[in-house]
Amino acid sequence: MVNTQYAIPCGAPVGIYLKSKGVMVIGTGEITDRDGTAAEPAAGILKSGDYIESINGKTLETKEELEEEVSHLEGRDAILTVRRDDEVINVTVSPVTAADGTQKLGVWVRSDTQGIGTMTYLDLNGKFGALGHGISDSDTGEVVEISGGTLYDKE
């Protein structure tokens, strides 16, 4: 560890990968069930900008984990712990069995985002920073609440 404080200006373009805190809801949508009936199970329950933190008590980090847990519901309700604005709430969504036999909640989600930015400085301890703005989700327009991320060389 270096005790002397130095910042080295960079201005180098970098790739950015960000992991959201929970699974971000982009929106809700219709599911066609086995009988050909359209249903939208999450309508009015989940909204764009919500973050799903858990399903039936199981903490979620990725949209793939959500999909896996929903596939095991077998018609049981999904009790979701959701972060909405500054509040944590529990909501219940009843899954629909889609025409292909899979369980669906009728929700569009994302658990990460990526883009290009500029690294502004690097210190001798390997810490880095950038001047700029919050990263907004392209679908919701909301600033993404992140739990971590990675910078990588643009090339």
Side-chain angles (χ1 to χ4, degrees), residues 12-121 126-155:
V14 292
I16 300 170
Y17 169 80
L18 300 175
K19 176 86 184 81
S20 68
K21 277 181 166 175
V23 179
M24 183 171 53
V25 174
I26 305 304
T28 62
E30 288 187 350
I31 305 296
T32 302
D33 68 15
R34 289 193 238 196
D35 300 327
T37 305
E40 195 169 350
I45 299 170
L46 293 172
K47 67 178 193 173
S48 180
D50 284 351
Y51 285 85
I52 303 171
E53 295 183 339
S54 69
I55 179 171
N56 295 342
K58 179 160 191 249
T59 301
L60 299 172
E61 292 187 20
T62 67
K63 64 183 181 180
E64 291 80 13
E65 291 173 346
L66 175 62
E67 183 178 354
E68 177 68 21
E69 291 302 312
V70 170
S71 74
H72 298 300
L73 288 174
E74 299 174 358
R76 292 175 291 137
D77 286 346
I79 300 169
L80 306 173
T81 300
V82 175
R83 193 173 64 257
R84 180 177 291 162
D85 302 320
D86 292 327
E87 187 178 355
V88 176
I89 59 174
N90 287 320
V91 299
T92 302
V93 179
S94 299
V96 170
T97 303
D100 65 1
T102 60
Q103 298 286 298
K104 305 274 186 189
L105 296 180
V107 62
W108 292 97
V109 296
R110 173 177 296 136
S111 56
D112 58 18
T113 192
Q114 47 198 329
I116 297 174
T118 304
M119 184 177 355
T120 305
Y121 71 87
K127 294 180 182 173
F128 57 86
L131 298 176
H133 55 82
I135 308 273
S136 296
D137 179 73
S138 60
D139 292 308
T140 66
E142 300 285 329
V143 173
V144 178
E145 295 180 31
I146 62 169
S147 65
T150 306
L151 288 181
Y152 51 93
D153 192 338
K154 64 168 181 45
E155 297 179 298

Side chain proximity check, Asp50 to Val107, heavy atoms < 4.5 angstrom = no
For Ala38 and Glu30 the tightest heavy-atom approach is CB-OE1, 3.6 Å
Do Thr97 and Gln103 pass the side-chain contact (heavy atoms from CB on, under 4.5 Å) test, and can you show the C-alpha distance, the side-chain angles, and the key distance before you say yes or no?
-> CA-CA 5 Å; Thr97 303; Gln103 298 286 298; 2.6 Å; yes
To the nearest 0.5 Å, atom CD1 of Ile55 lies from atom CD of Glu53 at 13.5 Å
Nearest-0.5 Å distance, CG of residue Asp85 to NZ of residue Lys47 = 5.5 Å
So how far is it from Arg84 CZ to Ser48 OG, rounded to the nearest 0.5 Å?
-> 10.5 Å
About how many Å separate CG of Leu66 and CG of Leu105, when rounded to the nearest 0.5 Å?
-> 6.0 Å
Determine, step by step, whether Asp35 and Thr37 satisfy the side-chain hydrogen bond (donor to acceptor under 3.5 Å, both in side chains) criterion, reporting the C-alpha distance in whole Å, the side-chain angles of both residues, the deciding distance to 0.1 Å, and the verdict.
-> CA-CA 6 Å; Asp35 300 327; Thr37 305; 5.3 Å; no
Rounded to the nearest 0.5 Å, what separation is found between the NZ atom of Lys104 and the OG1 atom of Thr32?
-> 11.0 Å
Nearest heavy-atom pair of His72 and Glu68: which atoms, and what distance?
-> NE2-OE2, 2.6 Å
Could you give me the CA-CA distance, side-chain angles and deciding distance for Leu46 and Ile52, then say whether side-chain contact (heavy atoms from CB on, under 4.5 Å) is met?
-> CA-CA 9 Å; Leu46 293 172; Ile52 303 171; 4.2 Å; yes
For Glu67, does the CD atom sit with more than 12 other heavy atoms under 6.0 Å from it, leaving out its own atoms?
-> no
Mind checking the CD-CG spacing from Glu65 to Leu60? Nearest 0.5 Å is all I need.
-> 6.0 Å
Measure the shortest side-chain to side-chain distance between Asn56 and Leu73 over non-hydrogen atoms and say whether it is less than 4.5 angstrom.
-> yes
Pair up each side-chain donor or acceptor in residues 88-96 with any protein partner under 3.5 Å, not counting sequence neighbours, and list the distances.
unit_1, atom_1, unit_2, atom_2, d
Asn90, OD1, Thr81, OG1, 2.8
Ser94, OG, Asp77, OD1, 2.8

What is the minimum heavy-atom distance between Gly106 and Pro41, and which atoms define it?
-> N-CG, 4.0 Å
Give the minimum heavy-atom separation between Val25 and Val109, together with the two atoms involved.
-> CA-CG1, 4.3 Å
